[in-house]
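Okay, structure first, notes after.
FYI, side chains are in, hydrogens and waters are out, and symmetry mates aren't considered; it's all heavy atoms of this structure.
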Amino acid sequence: MKPSKALDLDAVNAFVLTADLQSFTRAAAALATTQSAISLKLRRLEDQLGRRLLERTPRQVRLSAEGALFLEAARSLMGAHERAMASFKIERRRLTVGISQLIVGSELPALLRHMSEHDPHLLLELRVAGSREVMQAYEEGTLDAALVVQPEGRHAQGETIYKEQFAWVGAAGWRPRPGEPLPLSTQGESCSIRAAAVRALDQAGVAWTEVFIGKGAAVLGAAAAAGLAIAVLARRAAPGGTADLGSALSLPPLPSHDVVLYTALNDHRSRQALHALAGAFRQLAQG
């Protein structure tokens, strides 16, 4: 069935973003609107096309077979629209952002794609490292913005975006060997998340030993998924095949940590790009 009139580009954009982020809530945050507004746009788009584009469940949003067919065409349409709108823009803006490696997960490609579509002339340089390294680079003036897990004992002078929940992540069904200390996968002694975790274990009288040290959620999660150790990870960053084993192993609760955005930029274009990135991270944590 052919549409009776031109497609609503806002609705098509909402569809692409919802498909990429697999969430009405996350798409709404990235577009600075409400979940109900996104849902209404998509219903009207489906009605106009005479096709069901998304399968909705209480916990998941996924593409229907017809939605998968429409997605690439919709993405091309939005790309052409953004290029047309940018035809007379000659300024290419460079934005250098540092992000804590503990909060970077598998959703990053979709978020970067959205930022690129938001501003095709934005040259984004992304640096992923430990929070301390990111903050040092920001204070030295080599970063325009920093999105970090706030170190303990440091007063936040940036914008608190959300609280990241951390968990004791291990392979599903994993149990330690009787009589042996809890094996840990951490980022090493300089990591404030590790410091909070081992302090909680010490206070609870749980013996532990560090058996794996790596940098970043993906590396720590790999050690957990392999059954080598328990990783201290952001709950949403737990890889497939793993679970939060805190309750099963009677481990002490882990404190949440503020994720803070630091920037001195005030121009509208940069702030909009940073708002889109920070908002999407916030919704990922809440979703």
Side-chain angles (χ1 to χ4, degrees), residues 9-10 13-14 16-18 20-21 23 26-33 75-76 78-151 154 156-162 164 215-218 234 236-237 257-286:
L9 291 178
D10 286 342
N13 187 40
V16 172
L17 193 59
T18 302
D20 285 342
L21 297 180
S23 167
R26 296 170 191 168
L31 294 174
T33 186
R75 191 171 281 144
S76 296
M78 293 313 303
H81 175 258
E82 293 294 342
R83 288 191 296 273
M85 294 296 292
S87 295
F88 301 105
K89 294 180 180 178
I90 59 174
E91 179 186 2
R92 188 169 182 83
R93 177 73 168 92
R94 186 187 189 99
L95 190 63
T96 306
V97 182
I99 300 181
S100 170
Q101 58 200 5
L102 276 178
I103 63 173
V104 174
S106 60
E107 73 284 347
L108 188 60
L111 301 180
L112 294 180
R113 183 186 302 119
H114 172 64
M115 291 188 70
S116 176
E117 291 172 349
H118 166 76
D119 188 345
H121 288 268
L122 178 68
L123 174 57
L124 179 65
E125 180 179 347
L126 192 64
R127 302 181 188 177
V128 180
S131 290
R132 295 181 188 275
E133 292 90 340
V134 170
M135 282 306 302
Q136 181 178 350
Y138 176 74
E139 290 169 350
E140 290 173 351
T142 60
L143 297 176
D144 295 315
L147 190 64
V148 298
V149 178
Q150 186 69 16
R154 184 187 181 100
Q157 295 178 327
E159 176 188 356
T160 299
I161 303 301
Y162 66 94
E164 189 74 82
K215 297 299 182 183
R236 64 176 178 81
H257 291 258
D258 289 340
V259 174
V260 180
L261 174 66
Y262 291 86
T263 185
L265 298 177
N266 292 314
D267 65 284
H268 178 74
R269 187 175 174 188
S270 298
R271 295 294 300 187
Q272 284 291 99
L274 292 173
H275 172 78
L277 182 63
F281 269 106
R282 182 190 298 113
Q283 290 304 321
L284 286 168
Q286 295 172 352

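- Legend: residues meeting side chain to side chain donor-acceptor pair (under 3.5 Å) with Glu159, ordered by chain and number and at least two apart, are absent.
- For Ser23, the side chain to side chain contact (heavy atoms under 4.5 Å, CB included) partners are Thr25, Arg26, not counting sequence neighbours.
- Residues satisfying the side chain to side chain contact (heavy atoms under 4.5 Å, CB included) criterion with Ala218, sequence neighbours excluded, are absent altogether.
- The main-chain N or O of Ala137 is found under 3.5 Å from a side-chain atom of Thr142 such that the two form a donor-acceptor pair.
- Applying the salt bridge (Lys or Arg N to Asp or Glu O under 4.0 Å) definition to pairs two or more places apart or across chains, none involves residues 140-149.
- Considering CG of Leu147 and CD1 of Ile103, their distance stands at 4.0 Å, rounded to 0.5 Å.
- Arg127 pairs by the side chain to side chain donor-acceptor pair (under 3.5 Å) definition with Glu125, not counting sequence neighbours.
- Listed by chain and residue number, Leu77, Met78, His81 satisfy the side chain to side chain contact (heavy atoms under 4.5 Å, CB included) test with Leu9 (two or more places apart in sequence, or in another chain).
- Here Asp267 pairs with Ser270 under the side chain to side chain donor-acceptor pair (under 3.5 Å) rule; sequence neighbours left out.
- Shortest non-hydrogen contact noted between Leu261 and Ala145 is CD1-CB, 4.3 Å.
- Under the side chain to side chain donor-acceptor pair (under 3.5 Å) criterion, Thr263 pairs with no residue at all, not counting sequence neighbours.
- Listed by chain and residue number, Leu233, Ala237 satisfy the side chain to side chain contact (heavy atoms under 4.5 Å, CB included) test with Ala217 (two or more places apart in sequence, or in another chain).
- Closest approach of Ala264 and Tyr138 over heavy atoms only: N-OH, 3.4 Å.
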